[in-house]
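By convention here, the first residue in the shown sequence is residue 1. For clarity, every value in this text was computed on a predicted model and none was experimentally measured.
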Amino acid sequence: MTVRAVLGIRRWRRNPVCRTTDRHESWVALAALMVMALAAPVLGWGVGSATDDVLVRTVRSQHDRLRPTTAVVVHASPHQSRFAADPEAAVTGEAARTSVVADWTAPDGTPRTGTVSTSSARTAPGSHVRIWTDAQGRPAMRPMDTATAHTHAALAGIGAALLAIGLTELVRRFVVWRMVQGRYERLDRAWAEVGPDWGRTGTGS
């Protein structure tokens, strides 16, 4: 619809029956098309780039605060670990995580025991699983990796561009609707002025 209206600018330029509002609608459509083709991608790139910078800094901060370690499974846990909900599960496909009771060593050498979650298929007693801990040795959620950060940033940029395109089309439709309503209002006023004399002789009609 927008492209068709834009093409009408050239077709209606020398058309004697072209109304002024037709030209205005075409120029509105052209402006909307320019926003969709130029401004929306630039906005999407800007949002994606800014999001990527924030997420990459978050990744670095998380990796500075957390560290991986190996834990030895003691037995299956009857309780769900509060770190079982992995924020990267939807991206990496590691949606199935198992809670186990395991032993591990804190960074200061202190032995620790607690309930942790793992995506490893080997959770029998004595199995080794990889977990993440903070500086005090407490289990923590696995930090986001750089690839996942880039993916989220790209999705944010695409979403921003699509949102800008959608809003632009809504604004275009609203402006055109107001133009059409204004045209009808002018026709009603003109008809109200001419209508009472319609068909009468000697009125110049």
TODO: Mind running side-chain contact (heavy atoms from CB on, under 4.5 Å) on His63 and Val59 for me, showing each step along the way?
DONE: CA-CA 6 Å; His63 281 268; Val59 169; 3.5 Å; yes

Task: Working for side-chain contact (heavy atoms from CB on, under 4.5 Å), residues Glu169 and Met36 - done: CA-CA 8 Å; Glu169 177 63 13; Met36 293 179 185; 3.3 Å; yes

To the nearest 0.5 Å, what is the distance between [atom1] on [X] and [atom2] on [Y]?
X      : Y      : atom1 : atom2 : value
Leu38  : Leu33  : CG    : CG    : 8.5 Å
Gln62  : Asp145 : CD    : CG    : 10.0 Å
Ser117 : Met141 : OG    : CE    : 8.0 Å
Arg142 : Thr118 : CZ    : OG1   : 10.0 Å
Thr69  : His128 : OG1   : NE2   : 10.0 Å

Hey, can you pull the donor-acceptor pairs under 3.5 Å for the side chains in residues 129-137, sequence neighbours left out?
residue: Asp134; atom: OD1; partner: Gln136; partner atom: N; Å: 3.0
residue: Asp134; atom: OD1; partner: Gly137; partner atom: N; Å: 3.0
residue: Asp134; atom: OD1; partner: Arg138; partner atom: N; Å: 2.8
residue: Asp134; atom: OD2; partner: Arg138; partner atom: NE; Å: 3.0
residue: Asp134; atom: OD2; partner: Arg138; partner atom: NH2; Å: 3.1
residue: Gln136; atom: OE1; partner: Arg138; partner atom: NH2; Å: 3.3

Heavy-atom closest pair, residues [X] and [Y]:
X      : Y      : value
Ala140 : Leu66  : CB-CD2, 3.7 Å
Val116 : Ala102 : CG2-CB, 4.1 Å
Ala164 : Leu43  : CB-CD2, 3.7 Å
Gly114 : Trp104 : N-CZ3, 3.3 Å
Ala32  : Thr168 : O-CG2, 3.6 Å
Arg67  : Pro107 : CD-CG, 3.5 Å

TODO: With the side chain counted from C-beta on, respond yes when Trp177 and Arg173 share a heavy-atom pair under 4.5 Å apart, and no when they do not.
DONE: no

- [ ] Please assess Val35 against Arg172 for the test side-chain contact (heavy atoms from CB on, under 4.5 Å), listing each intermediate value before the final yes or no.
- [x] CA-CA 11 Å; Val35 171; Arg172 185 196 70 83; over 6 Å; no

Task: Arg65, CZ atom: more than 12 neighbouring heavy atoms under 6.0 Å - done: yes

Open item on the list: I'd like to know if the side chain of Ser61 reaches the main chain of Arg57, judged simply by a donor and an acceptor atom lying under 3.5 Å from each other, with no hydrogens or angles considered.
Closed with: no

TODO: I would like to know whether His150 and Leu55 meet side-chain contact (heavy atoms from CB on, under 4.5 Å); could you show each step before the answer?
DONE: CA-CA 8 Å; His150 292 328; Leu55 290 180; over 6 Å; no

Task: Common cluster, Phe174/Tyr184, ILVMFWY with side-chain heavy-atom separation under 4.5 Å - done: no

TODO: Please name all residues satisfying side-chain contact (heavy atoms from CB on, under 4.5 Å) with Ala160, sequence neighbours left out, ordered by chain then number.
DONE: Val47

